[in-house]
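Because only heavy atoms are used, hydrogens play no part in the values below, and waters and symmetry mates are left out as well, while side chains stay in. Note on naming: letters A, B, ... go to the chains in the order of the sequence lines (proteins, then strands), and numbering restarts at 1 for each one.
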Protein chains: 2
Amino acid sequence: MEHSQHSASLARAQSALSREEKLFELADLFRLFADSTRIRILYALSGGELCVGALSTLLSLEQSTVSHQLKVLRESRLVTYRREGKTNLYSLSDEHVSSILDAGFTHLLEEEEH
Amino acid sequence: MEHSQHSASLARAQSALSREEKLFELADLFRLFADSTRIRILYALSGGELCVGALSTLLSLEQSTVSHQLKVLRESRLVTYRREGKTNLYSLSDEHVSSILDAGFTHLLEEEEH
DNA sequence: CTTTCATATGAATATCCGTTCATATTATAT
DNA sequence: ATATAATATGAACGGATATTCATATGAAAG
């Protein structure tokens with residue numbers, strides 16, 4: 001298994017391995033965006049806070065489905081919520097969520113030009 | 001109701017709708033980054049082109065595993081390759097891949113500050 | 001042409017995880 | 001206190017998919 005190619009590219013790749021550990025966390029992060037239900041929820045919330053019922057109606061999803069996925073997003077700190085009477089108003093935790101969505105959109109748009 | 005305002009609202013609604021439709025494609029895109037094997041491959045390739053065997057050694061993965069995931073990345077056009085003798089040299093298709101990775105890294109780094 | 005190295009592919013297994021159904025919790029109103 | 005509305009949670013089922021093993025393809029050397 002000799003790779004005569006070595007040298008520059010492999011050396012760079014090996015220095016990249018110093019951040020190898022973070023790549024597993026990164027995969028975990030992207031996994032949150034890898035489901036259409038969650039990404040639709042996140043995008044809906046990018047326009048402002050919404051309650052569970054509104055998300056459910058807006059996205060034509062069962063309340064239980066929305067609630068389960070909100071729990072996932074909550075525990076990974078991508079969304080937060082505040083109580084208001086009987087309803088819970090959810091919103092994005094920070095602007096990084098939107099910037100990750102935007103990076104993906106940019107890729108899709110440029111893909112279409114081919 | 002004023003015309004210009006109406007068409008402006010309609011335009012926003014339509015663009016919002018088309019974005020909503022793209023969210024399913026966006027989930028598909030992020031799913032490619034949601035696996036540690038694939039993301040490690042992509043990050044390794046961000047340093048320059050590498051052959052299958054080098055990736056396999058570098059990432060301590062079976063050749064078959066690397067090859068299968070490269071096929072996924074190839075078919076989704078995130079990577080390309082060129083033949084050189086018996087080896088296939090893989091590289092990232094474009095710089096958007098790196099920018100998506102960077103957006104994720106940025107989020108992780110700011111997360112750590114808490 | 002056959003051997004060897006590099007890579008690709010197919011099939012099978014195992015694990016993960018999103019949805020659903022049923023039920024529990026929490027808050028308000030009567 | 002009970003009813004009702006909003007949301008959360010638990011368990012189970014089903015579908016997707018990453019890995020492995022075995023084998024096939026392809027390219028170059030002897």
Fill in the blank from the handout: Testing D:dT20, D:dT9, C:dA8 for proximity to the side chain of B:Thr65, the answer is D:dT20
Fill in the blank from the handout: Rounded to whole Å, the CG-P distance (B:Leu59 to D:dA18) equals 16 Å
Handout entry: Atom-to-atom span, CD of B:Glu62 to C1' of C:dA8 - whole angstrom
Key = 15 Å
Practice task
Ignoring backbone atoms, test whether A:Gln69 places a side-chain nitrogen or oxygen under 4.0 Å from the OP1 or OP2 oxygen of C:dC17.
Solution key: no
Practice task
Figure out the OH/C1' separation between A:Tyr81 and C:dT26, and round it to whole Å.
Solution key: 11 Å
Problem - Phosphate OP1/OP2 of C:dA6 contacted by B:Asn88 side-chain N/O (<4.0 Å) - result: no
Practice task
Mind calculating the distance between CG (B:Leu70) and P (D:dA18) to the nearest angstrom?
Solution key: 13 Å
Practice task
Verify, without hydrogens or angle tests, whether B:Arg82 (side chain) and B:Ser91 (backbone) share a donor-acceptor contact under 3.5 angstrom.
Solution key: no
Practice task
Starting at atom CG of B:Leu55, determine the distance to atom P of C:dT7, rounded to an integer number of angstrom.
Solution key: 9 Å
Practice task
May I ask you to evaluate whether A:Arg74 reaches the phosphate of D:dT9, defined as a side-chain N or O under 4.0 Å from OP1 or OP2?
Solution key: yes
Handout entry: Donor-acceptor pair present, B:Gln63 side chain and C:dA6 base, under 3.5 Å
Key = no
Exercise for the section: Report yes or no: is the ring centroid of A:His68 under 5.5 Å from the six-membered base ring centroid of D:dT9, with the two planes under 30 degrees? Expected result: yes
Handout entry: Euclidean distance, atom CG of residue B:Asp28 to atom C1' of D:dA16 [Å, nearest integer]
Key = 13 Å
Exercise for the section: Respond yes when some side-chain nitrogen or oxygen of A:Ser67 is under 4.0 Å from OP1 or OP2 of D:dT9, and no when none is. Expected result: no
Exercise for the section: Over 60° means perpendicular and under 30° means parallel, so classify the ring planes of B:Tyr43 and B:Phe105, tilted if in between. Expected result: perpendicular
Practice task
With DNA chain C as reference, determine whether A:Arg31 or A:Ser64 sits nearer its 5' end, using the nearest nucleotide of each.
Solution key: A:Arg31
Problem - Whole-Å distance separating the CD1 atom of A:Ile41 from the C1' atom of D:dT7 - result: 13 Å
Handout entry: A:Ser64 backbone acceptor or donor facing A:Ser67 side chain under 3.5 Å
Key = no
Exercise for the section: Taking only the side-chain nitrogens and oxygens of A:Thr37, find out if one of them lies under 4.0 Å from OP1 or OP2 of C:dT19. Expected result: yes
Problem - Selected nucleotide, minimal atom distance to A:Arg38 side chain, candidates D:dT20, D:dA8, C:dG18 - result: C:dG18
Exercise for the section: Quick one: closest heavy-atom pair of B:Leu32 and B:Arg38, and the distance? Expected result: O-NE, 3.0 Å
Practice task
In whole angstrom, give the distance that lies between atom CG of B:Leu61 and atom P of D:dA18.
Solution key: 13 Å
Problem - Among C:dT7, D:dT19, D:dC21, the nucleotide that comes nearest once only the side chain of B:Asp35 is considered - result: D:dT19
Handout entry: A:Phe33 and B:Phe30 aromatic ring geometry - parallel, tilted or perpendicular at 30°/60° bounds
Key = tilted
Handout entry: N/O (side chain, A:Arg83) to phosphate O (OP1/OP2, C:dA27) under 4.0 Å
Key = yes
Practice task
Select one nucleotide: of D:dT9, D:dT17, D:dA5, the one nearest the side-chain heavy atoms of A:Lys86.
Solution key: D:dA5
Handout entry: Heavy-atom donor-acceptor pair, B:Ser46 side chain to B:Ser98 backbone, under 3.5 Å
Key = no
